[in-house]
Structures are given as structure tokens and as C-alpha cells.
> 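This is the structure I have questions about; it appears just below.
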Amino acid sequence: MKYKLLLLVLLVAISTQLFSWGALGHEVITRLAIEGLPDEMSFIKENCEYLCDHSTDADKRKSEDPTEKNKHYLDIDYYKEFNVGDMITDKTELIEIYGENIVDKMGILPWNTIEVLNNLTVAMKENNKIDILFFAADLAHYVGDAHQPQHLILNYDGARTGQRGIHGRYEINIINANIEELQENISPIEITYVKEPLQFMFDYCAQSNSFAGLIELADLHSLKYSDNEYNEKYFKIFWFRTKYMTFHQFSNAAEDLASMYYTAWINAGKPEIK
Ligand SMILES: [Zn+2]
């Protein structure tokens with residue numbers, strides 16, 4: 001029995017390492033974003049299945065590429081400027097204050113997302129289908145990660161608050177178990193052209209961070225009402241306390257991703273990719 005439990009814990013730990021929202025979560029966000037795109041962006045729409053399947057490739061690269069890991073998070077609340085509502089979004093400026101090591105260590109999610117968005121724009125301009133698919137799948141991943149509140153906090157996996165495992169309990173256990181309810185409650189998306197992509201990304205990062213405390217409180221609340229055990233009752237209450245925020249985050253993730261696909265396509269001159 002003990003071994004079975006250990007195996008389960010290990011599996012959750014491994015899958016958490018591999019897939020940020022869980023493969024299913026990333027797929028839902030990617031599909032919804034692509035379905036909302038205008039018909040003229042037919043190349044992306046026709047490759048919806050491929051992009052959904054590859055929306056977790058970036059996570060899989062972590063094991064072989066040491067530069068990959070910090071592209072998936074930003075411990076934004078490490079920075080005192082963020083905590084008083086004046087986050088510095090310019091990476092060079094932040095490095096001048098904190099040094100490169102710290103900025104690297106705290107994660108580079110939004111700056112990496114900008115790079116992927118720019119690469120996608122170039123690929124669209126050049127009509128390079130292989131690159132379009134590669135960068136579009138990666139963009140789906142990083143935008144999805146940035147809407148997972150736990151990717152935007154210093155208290156990674158509850159290490160600082162004694163809530164180890166909260167990351168997997170939220171994004172794997174309850175998301176996978178309630179995926180149908182989640183899909184039924186995602187709002188229709190509205191696509192906009194993003195004038196200032198970096199600020200846009202920092203805005204959704206800040207929003208995600210503001211929900212992280214809700215997940216931590218929900219975890220404590222659920223434990224309190226389930227005999228202090230991660231049992232069926234715990235997961236039922238945990239979902240009940242986090243689902244409304246999760247519906248919101250999934251809807252926003254899809255909308256923001258679609259808006260960025262659209263922005264790349266507009267900036268590339270609305271190419272007809274055949
Ligand atoms: Zn990730």
C-alpha cells in the first residue's frame with residue numbers, strides 16, 4: 001500500500017515537472033484559441049490538432065535543454081517594484097538592479113514569450129510552415145503557463161507555506177478530474193490586436209499572481225474540512241473553492257493566445273499561408 005502511494009506521489013511529481021497545466025489543460029486552451037481565430041488564418045486552423053498535440057513540447061524539452069526550465073515561470077512577487085504596483089518590465093533595466101543571475105533564477109516567462117511571438121511573426125512573413133507550427137505550439141504553451149497562477153509566485157509548490165504538492169494537486173488532479181465541467185464553463189473569446197505585447201504579457205502575469213493566494217487558501221480550507229487528508233472530500237472541496245477562478249483563467253488564456261496569434265498575423269502583413 002505504501003509503495004502504491006509512493007508511486008502515485010512520484011507520478012504526480014513527474015507529470016507536474018513535464019506538463020504545466022497538465023497536457024489536457026494546455027490542449028483545451030490551444031483548441032479554444034484556434035477555434036476563435038478568423039477564417040483567413042486558415043493555416044493555423046487547419047493544424048489545430050497538430051498544435052494541440054504539440055502544446056506541451058516545451059515542457060518535454062526541459063529534460064534535455066538546461067536553458068528551457070526558467071522560460072516557464074516568473075517569480076514576479078520576488079521584485080519589490082511588483083509588490084508596490086510598479087513592476088519593471090524592461091529586462092535590461094531589471095538586470096541592472098538585481099543582476100543577471102537573479103533575473104534568470106526568478107524566471108523569464110514574459111521575455112521568452114515575446115521572443116516566440118516575434119519568431120512566429122517572422123515565420124509568417126516568410127511563409128515558413130515548419131517554423132510557424134513550431135513557434136505557434138510554443139506560444140500556446142507559454143501563454144498557457146502564464147495563466148497558471150502558481151507559475152507566477154515565489155512560493156513555488158507551497159515550499160514557503162508548508163503546502164508541498166499544491167502545484168500538482170491543483171493543475172493535475174482537479175483539472176483533469178473536472179475537465180468537462182471546465183470546458184462547459186469557458187466563456188466565448190474576443191480577439192483583439194495587441195499593441196504592446198510585453199505590457200500585455202506582464203498584465204496577465206500580474207493577474208495570475210493575484211489568484212495564487214486564493215489557491216493556497218483553498219488548499220488549507222479543503223484540508224480543514226477533510227480530516228486533514230488529501231482524500232476524495234479534499235479534492236471535491238478544493239475544486240469547489242478554485243473552479244470559478246479556473247474558468248476565468250482558462251477563458252483568458254485562450255483569448256490572450258488567440259489575440260497573440262492574430263497580432264503576429266497582422267504584423268506579418270496578413271499572409272495567406274498555403
Ligand atoms: Zn511549462
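Positions are given from 1 along the sequence. What you see is a predicted model, and the numbers here were worked out from it, not measured in a lab.
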> Check the hydrophobic clustering (I, L, V, M, F, W, Y; side-chain heavy atoms under 4.5 Å; chains of links allowed) and say if Leu139 and Tyr73 are grouped together.
no

> Do Arg31 and Glu27 meet the salt-bridge criterion of a basic N to acidic O distance under 4.0 Å?
yes

> Looking only at non-hydrogen atoms, find the nearest pair between Gly36 and Ile189 and report the distance.
CA-CD1, 3.9 Å

> Got a sec, which residues hit side chain to side chain donor-acceptor pair (under 3.5 Å) with Asn128, two or more places apart in sequence or on another chain?
Asp131

> Nearest 0.5 Å, what's the CE-CD1 distance between Met106 and Ile102?
5.0 Å

> Given 3.5 Å as the limit, does a donor-acceptor pair link the side chain of Ser208 with the main chain of Leu152, or not?
no

> Parallel under 30°, tilted from 30 to 60°, perpendicular over 60°: which one fits the rings of Phe247 and Tyr244?
perpendicular

> Using 0.5 Å steps for rounding, measure from the CD atom of Glu216 to the CG atom of Asp219.
8.5 Å

> Can you tell me if Asn47 uses its side chain to pair, donor with acceptor, with the backbone of Phe43 under 3.5 Å?
yes

> Is the Tyr204 ring parallel, tilted or perpendicular to the Phe200 ring (thresholds 30°, 60°)?
perpendicular

> Within the side chain of Glu40, is there an N or O that forms a donor-acceptor pair under 3.5 Å with the backbone of Lys270?
no

> Write down the atom of Ala137, the atom of Leu51, and the distance for their closest heavy-atom approach.
N-CD2, 3.6 Å

> When you measure from the side chain of Asp77 to the backbone N and O of Ile153, does any donor-acceptor pair fall under 3.5 Å?
no

> When clusters are formed by joining ILVMFWY residues with side-chain heavy atoms under 4.5 Å apart, either directly or through shared neighbours, do Ile76 and Ile114 land in the same one?
yes

> Do Trp111 side-chain atoms and Thr89 backbone N/O form a donor-acceptor pair below 3.5 Å?
yes

> Using modelled atom types and a 3.5 Å cut-off, is there a donor and acceptor pairing between side-chain atoms of Asn70 and backbone atoms of Ile108?
no

> Checking the side chain of Asp227 only, and the main-chain atoms of Glu229 only, is there a donor and an acceptor separated by less than 3.5 Å?
no

> Test side chain to side chain contact (heavy atoms under 4.5 Å, CB included) on Arg169 and Ile166; report intermediate values, then the result.
CA-CA 5 Å; Arg169 289 196 289 280; Ile166 187 174; 3.6 Å; yes

> Not counting sequence neighbours, which residues clear salt bridge (charged side-chain N to carboxylate O under 4.0 Å, His left out) with Asp256? List them please.
none

> Got a sec: does the CG of Asn101 have more than 12 other heavy atoms crowding it under 6.0 Å?
no

> Of all residues at least two apart in sequence or in a different chain, which pass the salt bridge (charged side-chain N to carboxylate O under 4.0 Å, His left out) check with Glu181?
Lys243

> Check the orientation of His141 and His26. Use parallel for under 30°, tilted for 30 to 60°, and perpendicular for over 60°.
parallel

> Examine distances only and state if a side-chain atom of Asn119 and a backbone atom of Glu115 form a donor-acceptor pair shorter than 3.5 Å.
yes

> Does a side-chain N-to-carboxylate-O contact under 4.0 Å join Asp138 and Lys71?
no

> Would you mind reporting whether Ile191 and Tyr261 have side-chain heavy atoms less than 4.5 Å apart?
no

> Step by step, work out the side chain to side chain contact (heavy atoms under 4.5 Å, CB included) result for Leu32 and Ile186.
CA-CA 9 Å; Leu32 193 76; Ile186 295 176; 3.1 Å; yes

> Return the minimal non-hydrogen interatomic distance between Ile215 and Gln150, and the atom names on each side.
CG2-NE2, 3.8 Å

> State, to 0.1 Å, how close Ala264 and Met124 come at their nearest heavy-atom pair, and which atoms those are.
C-SD, 3.8 Å

> Measure up the Tyr230 and Phe235 rings against each other and bin them: parallel (under 30°), tilted (30 to 60°), perpendicular (over 60°).
tilted

> Would Ile97 end up clustered with Tyr79 when hydrophobic side chains under 4.5 Å apart are linked, directly or stepwise?
yes

> What is the distance from atom CE of Met87 to atom CG of Leu94, rounded to the nearest 0.5 Å?
5.0 Å

> Can you hop from Ile266 to Met41 via hydrophobic side chains spaced under 4.5 Å?
yes

> Tell me whether Ile237 is reachable from Ile175 by hopping between hydrophobic residues (I, L, V, M, F, W, Y) whose side-chain heavy atoms are closer than 4.5 Å.
no

> Kindly determine whether Phe135 and Asn118 satisfy side chain to side chain contact (heavy atoms under 4.5 Å, CB included), including the steps that lead there.
CA-CA 9 Å; Phe135 293 119; Asn118 292 342; over 6 Å; no

> Ignoring hydrogens and angles, tell me if any N or O in the side chain of Asp157 forms a donor-acceptor pair with the backbone of Ala159 under 3.5 Å.
no

> Students often mix this up, so state it plainly: with edges at 30° and 60°, are the rings of Phe211 and His248 parallel, tilted or perpendicular?
perpendicular

> So do Tyr78 and Tyr98 actually touch side chain to side chain, heavy atoms under 4.5 Å?
yes

> Main chain of Pro271, side chain of Asn127: is a donor-acceptor contact present, judged purely on distance under 3.5 Å?
no

> In Å, rounded to the nearest 0.5 Å, how long is the span from CD1 of Ile273 to CH2 of Trp265?
8.5 Å

